[in-house]
Structure formats: structure tokens, C-alpha cells
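If you're wondering where the values come from, they're calculated on a predicted model, not measured in any experiment. When a residue number appears, it is its place in the shown sequence, counting from 1.
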Amino acid sequence: MKNKPLNLDIMGREFCVTCPDEEREEIQLAAAYLDNKIQEIKAEGKVIDSDRIAIIAALRITHELLMLRNGTGFDMNEFRRRINSLKKKVDEVMIKTES
């Protein structure tokens, strides 16, 4: 189980993290999900500061996680659809980057 570098694009910035091969896809999905939340907050136009946007995104994602753990108000099928949609977007970007 060797850790390899993985480049992620979040908030228009590139971050390099290391992770085992078997976790790469999940980490990419997590980064895409986080970036999607950040873009949603930016689109609302209420928050401009990048640090605040990142914190609010983290809070929203944490809230979703806690709802999932408690089994309240969380639609697992919707979550899977969103993850699959984000995965497709990440795959498209990765293909363009590799070209």
C-alpha cells in the first residue's frame, strides 16, 4: 500500500495530497463534492471571502454527514446521483487535462 501524490483542483487552486491507490477515487469525489459546495456558496453571492466560503462549505458538508449518521432528512439515492454526477465531471476534466 504505497501513498502516491494526487493533484486536486479546489476553488481554482491546485492541491497535492498523498493517498493510497485504493482511496484515490474517493478522494477525487470528495474534492469534487467540496468544490461543488464552494461553487454553490459563491453563486449565492452572500459571501465573498475565500476562507469564509471554505468554512461554510465544510459546515454544510458536516451537517449532511451528521444527518446521514442520524438517519434524518437525508436522501441516499439523491446523494448517489450527485456523487455520480460529480464523478463524471471529474473524469471529463481529467481526460481534458491528460490530452
**Request:** Taking the side chain as every heavy atom from C-beta outward, state whether Lys4 and Cys19 have any atom pair closer than 4.5 Å.
**Result:** no

**Request:** Count the heavy atoms of every other residue, nucleotide or ligand shown that sit under 6.0 Å from CZ of Arg24, and state whether that count exceeds 12.
**Result:** yes

**Message:** Starting from Ile48 and following side-chain heavy-atom contacts under 4.5 Å between hydrophobic residues (I, L, V, M, F, W, Y), which residues can be reached?
**Reply:** none

**Message:** Among residues at least two apart in sequence or on other chains, which ones pass salt bridge (charged side-chain N to carboxylate O under 4.0 Å, His left out) with Glu44?
**Reply:** Arg60

**Request:** State which residues pass salt bridge (charged side-chain N to carboxylate O under 4.0 Å, His left out) with Lys87; sequence neighbours excluded, sorted by chain then number.
**Result:** Glu25, Asp91

Please set out all donor-acceptor pairs under 3.5 angstrom arising from side-chain atoms of residues 7-16, sequence neighbours excluded.
residue : atom : partner : partner atom : Å
Asp9    : OD1  : Gly12   : N            : 3.4
Asp9    : OD1  : Arg13   : N            : 3.3

**Request:** Please name the pair of heavy atoms, one in Ala32 and one in Leu86, separated by the smallest distance, quoted to 0.1 Å.
**Result:** O-CD2, 3.8 Å

**Request:** Measure the CD1-CD distance between Ile27 and Glu22 for me, rounded to the nearest 0.5 Å.
**Result:** 10.5 Å

**Message:** Would you say CD1 of Ile55 has more than 12 non-hydrogen atoms from neighbouring residues, nucleotides or ligands within 6.0 angstrom?
**Reply:** no

**Item:** From Tyr33 atom OH to Glu64 atom CD, the distance as rounded to the nearest 0.5 Å
**Value:** 3.0 Å

**Asked** What residues form a side-chain hydrogen bond (donor to acceptor under 3.5 Å, both in side chains) with Arg82, not counting sequence neighbours?
**Response** Glu40

**Request:** Using the test side chain to side chain contact (heavy atoms under 4.5 Å, CB included), find all partners of Lys46 that sit at least two apart in sequence or belong to another chain.
**Result:** none

**Request:** Please name all residues satisfying side chain to side chain contact (heavy atoms under 4.5 Å, CB included) with Asp51, sequence neighbours left out, ordered by chain then number.
**Result:** Asp49

**Asked** Okay, side chain of Thr62, backbone of Ala58: is any donor-acceptor separation there less than 3.5 Å?
**Response** yes

**Request:** Could you tell me whether the side chain of Thr18 reaches within less than 4.5 Å of the side chain of Leu6, counting heavy atoms only?
**Result:** no

**Request:** Please list, chain by chain and in numerical order, all residues satisfying side chain to side chain contact (heavy atoms under 4.5 Å, CB included) with Ala57, sequence neighbours excluded.
**Result:** Leu34, Lys37, Ile38, Ile41

**Prompt:** Are Ile61 and Ile53 linked, directly or through other ILVMFWY residues, by side chains that come within less than 4.5 angstrom of each other?
**Reply:** yes

**Prompt:** Measuring from Glu26:CD to Ile83:CD1, what's the distance to the nearest 0.5 Å?
**Reply:** 10.0 Å

**Request:** Look up atom CG in Asp35 and atom NZ in Lys89, then write down how far apart they are to the nearest 0.5 Å.
**Result:** 10.0 Å

